[in-house]
Amino acid sequence: SIFFQFIIGFGLALLFNKKFPGCSFFRGVTMISWLLPVTVAGLLFKFMFASSGGIINQFLMGLGLVKEPLDWLLKPGLAMAAAVAANIWIGIPFNMMLLITGLTTIPGNIYESASLDGAGRLQTLFLITIPMIKPAIMSVLTLGFVYTFKVFDLVYVMTGGGPGSSTEMLSTLAYRYSFSEYNFSQGAAVANILFVMLMAVGMIYIHIVTREDEN
């Protein structure tokens with residue numbers, strides 16, 4: 001999820017950082033997936049990936065890629081793919097907006113100087129753009145990891161952690177232990193593990209940012 005969210009979000013950030021007719025409108029439309037409540041987005045994707053009448057199956061069958069409807073939410077591998085696709089769609093606008101904010105801090109005269117020196121688009125991207133927005137990239141990746149790692153409502157609405165436990169997350173596991181099986185001690189243990197892991201990620205991020213500020 002994080003890989004595709006970042007790549008697509010970065011591409012859209014580069015696109016919408018340029019001025020063209022309808023730029024503001026299309027950027028606003030892209031934000032819809034982030035503005036929707038996650039439970040609503042989860043329900044939308046649940047209906048889209050439904051075995052009977054789901055638009056994803058209809059689209060694939062229309063293209064001739066599959067001969068019969070796929071049981072997206074009833075098979076372990078397909079259920080995880082559906083959840084990942086939904087999470088990517090939700091997270092793209094967040095990545096895009098943070099990266100656009102970073103891109104706006106780059107002075108335009110740097111690109112003009114690079115162009116006069118004969119730098120191509122790839123050289124400009126990898127030698128100027130990416131290094132100068134490295135703090136924004138670090139923030140996007142760290143927050144993206146945290147949001148994805150602790151996801152609950154999306155998975156709970158789409159699959160409930162199933163089929164079996166193929167899409168079980170630590171958050172849904174803690175919920176199941178505590179409120180379905182009433183095993184509060186195990187639920188608390190899973191929640192504490194989730195907290196410790198995310199805290200470790202936060203500490204690593206703070207260390208990296210602090211070191212770069214000192215440099």
Side-chain angles (χ1 to χ4, degrees), residues 1-9 31-57 69-98 137-210:
S1 292
I2 297 168
F3 175 79
F4 287 106
Q5 283 177 359
F6 177 76
I7 295 299
I8 300 173
M31 289 297 297
I32 290 177
S33 60
W34 178 253
L35 298 175
L36 280 177
V38 178
T39 50
V40 174
L43 284 173
L44 287 175
F45 275 88
K46 185 176 183 178
F47 294 139
M48 289 170 61
F49 282 104
S51 302
S52 177
I55 191 173
I56 301 297
N57 278 329
L70 298 176
D71 297 324
W72 286 98
L73 303 179
L74 301 178
K75 294 183 178 180
L78 294 179
M80 179 59 77
V84 168
N87 193 60
I88 291 171
W89 184 76
I90 292 172
I92 286 174
F94 176 76
N95 285 252
M96 180 189 73
M97 293 306 297
L98 283 186
I137 291 175
M138 288 297 302
S139 298
V140 165
L141 293 177
T142 303
L143 292 173
F145 178 86
V146 170
Y147 290 148
T148 300
F149 201 80
K150 70 180 184 64
V151 65
F152 170 78
D153 35 13
L154 178 66
V155 174
Y156 187 78
V157 169
M158 286 188 67
T159 65
S165 59
S166 58
T167 59
E168 194 87 88
M169 307 291 139
L170 285 178
S171 55
T172 58
L173 183 63
Y175 181 88
R176 180 165 62 83
Y177 279 154
S178 299
F179 302 109
S180 296
E181 301 178 6
Y182 299 103
N183 193 337
F184 295 104
S185 58
Q186 284 192 340
V190 174
N192 285 329
I193 292 172
L194 177 62
F195 168 74
V196 170
M197 296 178 74
L198 292 180
M199 184 176 67
V201 173
M203 296 299 292
I204 293 172
Y205 170 73
I206 292 172
H207 173 71
I208 293 174
V209 171
T210 303

| Can you name the nearest heavy-atom pair linking Met158 to Ala86, along with the distance? | SD-CB, 3.6 Å
| Roughly how far, to the nearest 0.5 Å, is the CD1 atom of Ile208 from the CE atom of Met138? | 4.0 Å
| task | Decide yes or no for Pro93 and Met31: does some side-chain heavy atom of the first lie under 4.5 Å from some side-chain heavy atom of the second? | result | yes
| query | If you round to the nearest 0.5 Å, how far is CG of Leu78 from OG1 of Thr159? | reply | 12.5 Å
| request: Enumerate the residue pairs fulfilling ring-ring contact (aromatic ring centres under 6.0 Å, His included) with a member in residues 180-210, sequence neighbours excluded, ordered by first and then second residue. | output: none
| Roughly how far apart are Ile8 CD1 and Phe3 CZ, rounded to 0.5 Å? | 9.5 Å
| said: How close do Ala174 and Gly187 get, counting heavy atoms only, and between which atoms? | reply: CB-O, 3.7 Å
| field | Distance, nearest 0.5 Å, that separates CG of Asn95 from CD1 of Ile88 | value | 10.5 Å
| remark: Value for CD1 (Ile2) from CD1 (Ile7), rounded to nearest 0.5 Å, stands at 12.5 Å
| query | Who are the ring-ring contact (aromatic ring centres under 6.0 Å, His included) partners of Phe4, not counting sequence neighbours? | reply | none
| query | Under the ring-ring contact (aromatic ring centres under 6.0 Å, His included) test, which residues partner Phe94, sequence neighbours left out? | reply | Trp34, Tyr147
| request: Answer yes or no: is there a donor N or O on one side and an acceptor on the other, between the side chain of Thr167 and the main chain of Gly162, under 3.5 Å? | output: yes
| query | Do the ring planes of Phe145 and Phe149 sit parallel (below 30°), tilted (30 to 60°) or perpendicular (above 60°)? | reply | parallel
| field | Residues, nucleotides or ligands: over 12 heavy atoms within 6.0 Å of Tyr156 OH | value | no
| request: Keeping to residues at least two apart or across chains, list the salt bridge (Lys or Arg N to Asp or Glu O under 4.0 Å) pairs with something in residues 174-200. | output: Glu168-Arg176, Arg176-Glu181
| task | State the OG1-CG distance between Thr148 and Leu143, to the nearest 0.5 angstrom. | result | 10.5 Å
| query | Around atom CE of Met203, are there more than 12 heavy atoms of other residues, nucleotides or ligands at under 6.0 Å? | reply | no
| Asn87 side chain to Ala83 main-chain N or O, any donor-acceptor pair under 3.5 Å? | no
| request: Mind jotting down which residue pairs meet the salt bridge (Lys or Arg N to Asp or Glu O under 4.0 Å) criterion with at least one end in residues 184-197? Sequence neighbours excluded, please. | output: none
Considering only distance and modelled atom types, tabulate donor-acceptor pairs under 3.5 Å from the side chains of residues 38-56, sequence neighbours left out.
from	atom 1	to	atom 2	distance (Å)
Ser51	OG	Asp71	OD1	3.0

